[in-house]
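Working notes for the structure below.
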Amino acid sequence: MSSHGAPIPMTSRACGALTGTAQVPGDKSISHRSLILGALSVGETTITGLLEGQDVLDTARAMRAFGAEVTDHGGGSWSVHGVGVGGFAEPDQVIDCGNSGTGVRLIMGCMATSPISATFTGDASLNGRPMARVTDPLALFGTQSVGRSGGRLPMTIVGAAEPVPVRYVVPVPSAQVKSAVLLAGLNAPGKTVVIETEATRDHTERMLAGFGAEITTEITDEGRVITLTGQPELKAQHIDVPRDPSSAAFPVCAALIVPGSDVLVPNIGLNPTRAGLFTTLREMGADLTYENEREEGGEPVADLRARFSPDLKGIEVPAERAASMIDEYPVLSVVAAFANGKTHMPGVKELRVKESDRIDAMKVGLEANGITVEDGPDWWTVTGLGHGNVPGGATCASHLDHRIAMSFLVLGMATQRPVSVDDGGPIATSFPIFEPLMGGLGAAITRSNG
Ligand code: S3P
């Protein structure tokens, strides 16, 4: 079930060196898309390494509700018997996407050009997030939607019976919006064109091509122009989901700030649309190396090796890098607290509409732990205190946001006093093995408050 249970307070305290190998789970973005594209294909898609976090499990359940046969074979091995493009059945229950913005926005897209209706809801975090960014472009196909004020869930989408293809310039840097439009374009006749002025993660484009769609990307003066030919027959595939760089960020950043640490995080995808954090950490002086660099399934992959880095320095993070590390700013702000000098992070307005307002959530929690943070509508600055000087000692609110909870638990691994979070439950949405994995490296995380 996706409903969030009783809060799980957690505390993290200074520990000895973190050492060993961290096998982080499968990529969340690719896991959602594997299930969705499998459901839209003809034949049986097989998936290995699927992230079995709650967000992805909610998407699996939703695909069943639209008529696909989704089977869990155990150990991250799944199969999806698809219904084909345009073959979705109308669900007879409300679709609960739990905490997942990616899940709900992509699923709205892929049902929006079929003659069916569906009602979507989620948890308190998801039901507060903006959906007009998706329903506005879907309306151009002929799709109707009725939700709560401010374009919020619960919301009913009435798919277009006779969809027309669209040309859409994405007004915010969002892979979810781009993907929703492309998925809607699958069942519209003719060519759907999506233009993004800032490149965002390109998994949808790559995977659509892999499933046999006719899709091209051109870099023009307008930006990235993606053209999809509608009504293809998608063919079932085998997908081996790579490990998630956004989850790798947590053991990597922890190793950089805990004295004596040396941690290997194998098989991490370094797709340039996702790897901005690692570039940034290296610019800050992190001892972070890429070992065994190779290509797998057309994607650059490496084993990341992170060692304790006592002389990190604050930097200016280029605004144009934001989309490639948008989920990693919370944990970057933790590393910045242990650096010398200020780390300035501009161009990050989107952080305010994630699972929580991530700038605000981190600012309040970091300040309670003795770190100075300044912010504006689309920027924030963390003043680092240098290694060994971060006080800690506070309990932070996680705001139903997995990455906020994990970031504060990483903070507590190197502060003078322990750091607690009021609720570590949301961690299960993306990184269900976070506690045992970090514990296995030597971290001291307990289920208690203080
Ligand atoms: C995602 C896109 C990003 C990211 C999210 C996953 C995706 O969201 O924050 O965790 O899989 O497409 P936005 O599209 O809102 O930037």
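Numbers for residues simply follow the sequence, beginning at 1. Here the structure is a predicted model, which is why all the values come from computation and not from measurement. Remember, it's 1-based here, ligands and their atoms both numbered in the order they're listed.
- With respect to Asp303 and Arg243, no salt bridge is recorded, no charged nitrogen being found less than 4.0 Å from a carboxylate O.
- Using a 4.0 Å cut-off between charged nitrogen and carboxylate oxygen, Glu222 and Arg167 count as a salt-bridge pair.
- Few gaps surround CD on Glu316; more than 12 heavy atoms of other groups in view lie less than 6.0 Å from it.
- With salt bridges taken as basic N to acidic carboxylate O contacts below 4.0 Å, none links Lys363 and Glu374.
- Between Asp327 and Arg274 there is no salt bridge, since no side-chain N of the basic residue sits under 4.0 Å from a carboxylate O of the acidic one.
- Using a heavy-atom distance under 4.0 Å as the criterion, the protein contacts of ligand 1 are Lys28, Ser29, Arg33, Thr102, Pro173, Ser174, Ala175, Gln176, Arg201, Ile326, Asp327, Lys354.
- Counting heavy-atom neighbours within 6.0 Å of Glu367 CD, excluding the residue itself, gives a total above 12.
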